[in-house]
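Below: the structure, in C-alpha cells.
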Protein chains: 2
Amino acid sequence: MGTKQQISERITALLKESKLSVTETRVKILELFMKSNGALEHSDIETQTGQSFDRVTVYRTLQTFLDKGIIHKIPTTDTSVRYAVCKSECSEHDHHDHHVHFKCESCGTTTCLDETNIPEISLPKGYAAHNVEVVVSGVCKTCK
Amino acid sequence: MGTKQQISERITALLKESKLSVTETRVKILELFMKSNGALEHSDIETQTGQSFDRVTVYRTLQTFLDKGIIHKIPTTDTSVRYAVCKSECSEHDHHDHHVHFKCESCGTTTCLDETNIPEISLPKGYAAHNVEVVVSGVCKTCK
DNA sequence: TTATTTTTGCAACAGAGTTGCATTTTTATT
DNA sequence: AATAAAAATGCAACTCTGTTGCAAAAATAA
C-alpha cells in the first residue's frame, strides 16, 4: 500500500498520465477505490466521502475514469452498477478484464480475484468472442 | 415451436404447474419470451405488447416469474435487467443457470447458449462458489 | 352462480441518472 | 506570480426506472 503521501503521489501521477486535471474530487474518489478491497457503487462513494460532493460530480467522475480505463464495470443481475480499479493491462482503448469477479452472498462485497484466470470457452460456430465476464457468487474468505 | 394453439396450451400448463392464475398478462408476456430468441428487458415487453399493460403489472409479472423459476436474470454492466426463460433443470427453490450468455455488440441481443457449458473455475483458498455467471460479448452468428 | 382469492390498474411516490448553464478551480502562458 | 484559457464543479430542473397502497376487476374455488 505505502504511506498516505505515497498513495497521493501515485494518484496524482495516474491522473496526469490520463491527461486529467488533478482535482479534490478525483483524488478523494481514487483514494477510496484504492483503500477499498472490493468494488464500489455510486452510493458507496456518496456515503464514504460524507456527501461532500454533488451527485452529478460523482457520476461524471466515474464516467471519466471509465473512459480513461482507470476503473471498470462489473456485471450484476440488479440495477446497480459496480466499479473497480483496473490493473496495469487495461488501457484507454483496449479494455479487458482477465480476472474473475466474486460476489459474497453473506457480506455483499464484490472483489476482483486477480490471480484467478478465466478459462477458454468454446462457443458454437459463428460466434466471435471479444470479452468474457465471469462473476462467481458464494461465500468469501472472510465470511467463511 | 408448434402451432399458436400448442404454445398457448404449453403456457397454460406451465402457469398451472407453478400454481399461478392464468391471466391475459401472463400468457402474453410468456408468449413474448417464447417467441423471442434473446433475452428481454422490461422496456422490450412494454413496447412489444403495445403498451397494453400497466408498467406496474409488467414489473410484478416478471417478479412472479422469477420467484417461480420460470425466467432468470442475466447479468449486465449497465442499469438494465435482462430476463430469459429457464430450461427444465430450473425449479422454484434451486435455481441455477448452467449455460453461457452471449451479448452481441452489433445487434445488442443477448442470447442463452444452452449447449455451451460453464467450465470449472478454481478459486483461491477459502472461497466457496454457489453460482457462476458467464457473459461473453462479441459478434453473434447472424451479425457476422 | 356466488363467494373468495388473486391480479390488475391507478395515483402517488422514491431513487437513479442526465442535461444546460453559471460559477469556481485548475492548468497553461506570459 | 499574475492573468488568460480551459476544464471541472454545483445547482436546478428534468426524465426514466422501479415501488407501494388501495380500490376495482378478473380468475378460481365452492
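Note that these values count all heavy atoms, side chains included, but never hydrogens, waters or copies made by symmetry. Quantities reported herein were computed from a predicted structural model and do not represent experimental measurements.
Here the side chain of B:Lys73 pairs a donor or acceptor atom with the backbone of A:Thr77 at under 3.5 angstrom. Side chain of A:Ser36 to backbone of A:Gly38: a donor-acceptor contact under 3.5 angstrom is found. B:Ser21 places no side-chain N or O within 3.5 Å of a backbone atom of B:Thr23 that could act as its donor or acceptor partner. No donor-acceptor pair under 3.5 Å is formed between the side chain of A:Thr57 and the backbone N or O of A:Phe53. Judged by distance alone, with hydrogens and angles left aside, the side-chain atoms of A:Thr76 form a donor-acceptor pair with the main-chain N or O of A:Asp78 at under 3.5 Å. In this structure, A:Gln6 contributes its side chain and A:Thr3 its backbone to a donor-acceptor pair below 3.5 Å.
Rounded to whole Å, the distance from CD on A:Glu46 to C1' on D:dG10 is 13 Å. Atom CG in A:Leu15 sits roughly 16 Å away from atom P in D:dA7 (whole-Å rounding). Regarding A:Leu62, its CG atom lies at a distance of 15 Å from the C1' atom of D:dA8, rounded to whole Å. Rounded to a whole Å, the CG atom of A:Asp67 is 15 Å from the C1' atom of D:dA8. One interatomic measurement links the two molecules: OH of A:Tyr59 to C1' of D:dA8, which rounds to 18 Å at whole-angstrom precision. Summarising the geometry, the separation between CG on A:Asp54 and P on D:dC14 is reported as 17 Å, rounded to the nearest angstrom.
Note: A:Glu46 CD to A:Ser52 OG = 9.5 Å, rounded to the nearest 0.5 Å.
Both A:Val22 and B:Leu20 sit near DNA chain C, but only B:Leu20 has its closest nucleotide nearer the 5' end. Looking at which nucleotide of DNA chain D each of A:Arg60 and B:Gln63 is closest to, the 5′-most match is held by A:Arg60.
Boundaries of the chain B contact region on DNA chain C are C:dT6 to C:dG17, first to last in 5' to 3' order (nucleotide atom under 4.0 Å from a heavy atom).
Checking the phosphate oxygens (OP1, OP2) of D:dG10, no side-chain nitrogen or oxygen of A:Arg55 falls inside 4.0 Å. The side chain of A:Thr23 contributes an N or O atom lying less than 4.0 Å from OP1 or OP2 of D:dT9.
Using a 4.0 Å heavy-atom distance criterion, B:Ser43 is classed as making no nucleic acid contact. Residue contacts shown for A:Arg26 are limited to sugar-phosphate atoms, with no base heavy atom under 4.0 Å away.
Residues from residues 77-85 of chain A lying near DNA chain D, meaning a heavy-atom separation below 4.0 Å, are A:Thr79 in numerical order.
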* **Residues B:Tyr59, B:His42; criterion ring pair (Phe, Tyr, Trp, His ring centres under 6.0 Å); working and verdict** => CA-CA 7 Å; B:Tyr59 281 116; B:His42 181 270; 3.8 Å; yes

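Judged as a salt bridge (charged side-chain N to carboxylate O under 4.0 Å, His left out), and not counting sequence neighbours, the contacts of B:Arg82 are B:Glu41.
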